[in-house]
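Only one structure is covered here, and it is reproduced in the block below.
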Amino acid sequence: MRFWKSWRYPAHWPVPRLDDRLLLILAGAVVGTSSGLAAVALNRSLLWMLKSLMAYRHFWWSFLMPAAGAALSSLFLEKIVKEGAGHGVPEVIYSVSRRGGLLRFRSSYSRLVSSFLTIGSGGSAGPEAPVVMSGAAIGSSIARLFRLNERQRVTLVGCGAAGAISSIFNAPIAGLVFTVEVVLGEWTALNIVPIAIASVAGAQISRILQGNQIAFAHRQFPVDLLDSLATVGLAAFTAAASILLTWALRRSHGVSTRLPLPLWLRAACGGAVVGLIGFFFPVVIGEGYHWIREMIEGAFVSGFGLALLFVLAKITATAFTLGWGGSGGIFAPCLVIGSLVGLTYHRLLQILWPAADWINEGCFALLGMAGLISGMLQAPLTGIFLITEITGGYGVILPLIIVSTLSTTICHYLEPASFYLKELVERGQLLRPGTDGRVLTDLSVAELLEKDCIAVAPDMLLGDFIEILQKSRRNYFPVEDPATGTFLGMVHLDDIRPYLFNAGLYHAVLLGQIMKTGIETVHPDDDLPEILERMDANRLYSMPVVANERFLGMISKATLLDRYRKELKVQTTLQ
């Protein structure tokens, strides 16, 4: 038993005790390997499912397959594992932001099963967000198993996300950049090293089990100045598509939740609509990676009008899949829609300037992917490195940077928060490390409680109070009912100053006559940002903390700011 207890505290192990980084590196490698295995398992099972159902896609009743998959997916989440539907990544960001990286163990497999049912049956979604959720939950569970502290747990959650992304795309740099740019929102030496190791471990697992292959091979694209200038217009197109997709997803979710139907039936309705669209436009079915390969290789023969119609069909199908209760992420739909937008833009350029020697349409499909990912996530580095790695070359890096940064800027101007963060920002739940809200949230009223106040009774004579005053370091004195202990009010040193120099009043004035009642109080569960606002609004420097009508102590602005400074140093100092 003693060995077990010591084993569960890695900080007490001989080697990690020498350096905290070593512990996180070792744990990060384990988490990255585990999340990589989860990503490979989902990827393989999706391929099997999509191929198995391919032979039945031409039947008239095939539209029922996505409906059945979405219904089973929602039933599994709601009735068996009792989790809500969602994209996965916002839940991980919320846990990092507000819960110290705490995620339930069941999340390590629940999203894999639900997204397998949704996407495998033909739903328009991607497997990336579910594996991020799974990897993050694995990291959180391992951190809890070994009783790691909150900061170490958040790092392992990031390791799980990085290992999952790097495994599913065979792109270790993209996994690292996505995690620190989107999930954690901070770059520190303490985080980057273990996350990089986890990212490498995830990619290595993918290479061992699936081969060292890039997702979308292509030939070299000789980009000239005219093509680079044209990417400015492409950035506007991808930004518009990002805004439209965001609006469609949110609008679709809003409409579906207002319907008086159970979740599984709503998911089935959404899946049926996707199946009907997919019957006429197969490009919307599943994650759609093979369509991207066709577009990059220049084998996608549809004209401008049809390509534009495909863009709208894919956006609609994704909105009905994810907005109506299906499970999955937006990564893969963004890549497909981005490719289609790039292709549509190339067709438009050929119509408007037929004499110009434009580069191959596959290049614009690549750039469209980067623009849409960057616009939706408002994370330009993720878009740049993801497309660079999954296509295996830096040949289009210059226009890639242009379209990613411009698309991000335009989207940020129109929608200040990215798709993943918008809902959290609206609910006030996004708190990045080192920000005012995060520092205050990491503190609690209980930590700041000053308990050295001396309580007095309302029937105490002023003369007796003078003796207590000589022993106290405080200016505030809570007044309590001596029989019940109920908090009645406060006496401040300034309140008795007029009586101090008149000894004749010492045996005539009771504290109940000079105490202040109806004063502002704080509950232990109140948020510190709200407490600070109340202090500023009422020009207070201290407030009594009261619960169940009992005085617990004082909270002062001086103590709060002192702890705030210490917490800020912890969160922002490179370790």
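A quick note: this is a predicted structure, and the numbers were derived from the prediction, not measured.
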Tell me, with the steps shown, if Arg266 and Cys269 meet side chain to side chain contact (heavy atoms under 4.5 Å, CB included). CA-CA 5 Å; Arg266 279 187 274 138; Cys269 293; 5.7 Å; no
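- Pairs of residues two or more places apart, or lying in two chains, that qualify as salt bridge (Lys or Arg N to Asp or Glu O under 4.0 Å) and include a residue from residues 233-261 are Arg250-Glu426.
- A heavy-atom distance below 4.5 Å is not found between the side chains of Leu75 and Ile80.
- Side-chain N/O atoms of Thr382 and Glu181 include a donor and acceptor closer than 3.5 Å.
- Every residue two or more places apart in sequence or in another chain that forms a salt bridge (Lys or Arg N to Asp or Glu O under 4.0 Å) with Glu415 is listed here: Lys422.
- In this structure, Leu343 and Phe364 have side chains that are not in contact, with every pair of non-hydrogen atoms separated by 4.5 Å or more.
- Asp527 places no side-chain N or O within 3.5 Å of a backbone atom of Pro529 that could act as its donor or acceptor partner.
- With values rounded to the nearest 0.5 angstrom, Ile384 atom CD1 is found 12.5 Å from Glu389 atom CD.
- With hydrogens and angles disregarded, no donor-acceptor distance shorter than 3.5 Å links the side chain of Ser166 to the backbone of Gly175.
- Judged by distance alone, with hydrogens and angles left aside, the side-chain atoms of Gln152 form a donor-acceptor pair with the main-chain N or O of Asn149 at under 3.5 Å.
- Ile410 is not listed as a side-chain neighbour of Thr238, based on a closest heavy-atom distance of 4.5 Å or more.
- Counting heavy-atom neighbours within 6.0 Å of Trp60 CH2, excluding the residue itself, gives a total of 12 or less.
- Within the 4.5 Å cutoff, side-chain heavy atoms of Ile330 are placed close to those of Tyr420.
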Going through the distances and angles, do Tyr289 and Leu335 end up as a side chain to side chain contact (heavy atoms under 4.5 Å, CB included)? CA-CA 8 Å; Tyr289 284 162; Leu335 295 178; 4.1 Å; yes
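- Side-chain contact between Ser140 and Arg144: present, with at least one pair of heavy atoms (C-beta onward) separated by less than 4.5 Å.
- Panel note: side chain Thr257, backbone Gly254; a donor-acceptor pair is recorded below 3.5 Å.
- With a 4.5 Å cut-off on side-chain heavy atoms, Val132 and Phe178 count as touching.
- At least one donor-acceptor pair under 3.5 Å links the side chain of Tyr345 to the backbone N or O of Ala230.
- When atom types are taken as modelled, the side chain of Ser114 and the backbone of Ser110 share a donor-acceptor pair closer than 3.5 angstrom.
- A donor-acceptor pair under 3.5 Å is formed between the side chain of Ser134 and the backbone N or O of Ser108.
- In this structure the side chain of Val182 reaches within 4.5 angstrom of the side chain of Ile93, judged on heavy atoms.
- Although no hydrogens or angles enter the test, the distance criterion places no donor-acceptor pair under 3.5 Å between the side chain of Ser374 and the main chain of Gly371.
- Shown are Leu366, Thr388, Thr391; of these, the side chain to side chain contact (heavy atoms under 4.5 Å, CB included) with Leu400 is made only by Thr388.
- No option in Val232, Leu372, Leu234, Ile387 other than Leu234 meets the side chain to side chain contact (heavy atoms under 4.5 Å, CB included) test with Val403.
- Annotation: Phe331, atom CZ; neighbour count of heavy atoms from other residues, nucleotides and ligands within 6.0 Å is above 12.
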What verdict does the side chain to side chain contact (heavy atoms under 4.5 Å, CB included) test give for Ser74 and Leu77, after you've listed the backbone C-alpha separation in whole Å, the side-chain angles of each residue and the deciding distance to 0.1 Å? CA-CA 5 Å; Ser74 62; Leu77 281 180; 5.8 Å; no
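- Remark: Phe105 CZ is loosely packed, at most 12 non-hydrogen atoms of other residues, nucleotides or ligands lying under 6.0 Å away.
- Checked by atom type and distance alone, the side chain of Ser107 never pairs as donor or acceptor with a backbone atom of Leu103 at under 3.5 Å.
- Side chains of Asn170 and Ser206: no donor on one and acceptor on the other come within 3.5 Å.
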If you apply the rule side chain to side chain contact (heavy atoms under 4.5 Å, CB included), what do you find for Leu145 with Ser141, and how did you get there? CA-CA 6 Å; Leu145 177 66; Ser141 301; over 6 Å; no
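- Here the side chain of Lys314 pairs a donor or acceptor atom with the backbone of Val284 at under 3.5 angstrom.
- Relative ring orientation between Phe310 and Phe281 is described as perpendicular, the plane-to-plane angle rising above 60° on a 0-90° scale split at 30° and 60°.
- Side-chain atoms of Thr318 and Ser124 include a donor-acceptor pair closer than 3.5 Å.
- At least one side-chain heavy atom of Phe304 sits less than 4.5 Å from a side-chain heavy atom of Leu348.
- Residue Trp264 qualifies as open at atom CH2: its count of foreign heavy atoms under 6.0 Å is 12 or below.
- Using modelled atom types, one finds a donor on one side chain and an acceptor on the other under 3.5 Å when comparing Trp324 with Ser252.
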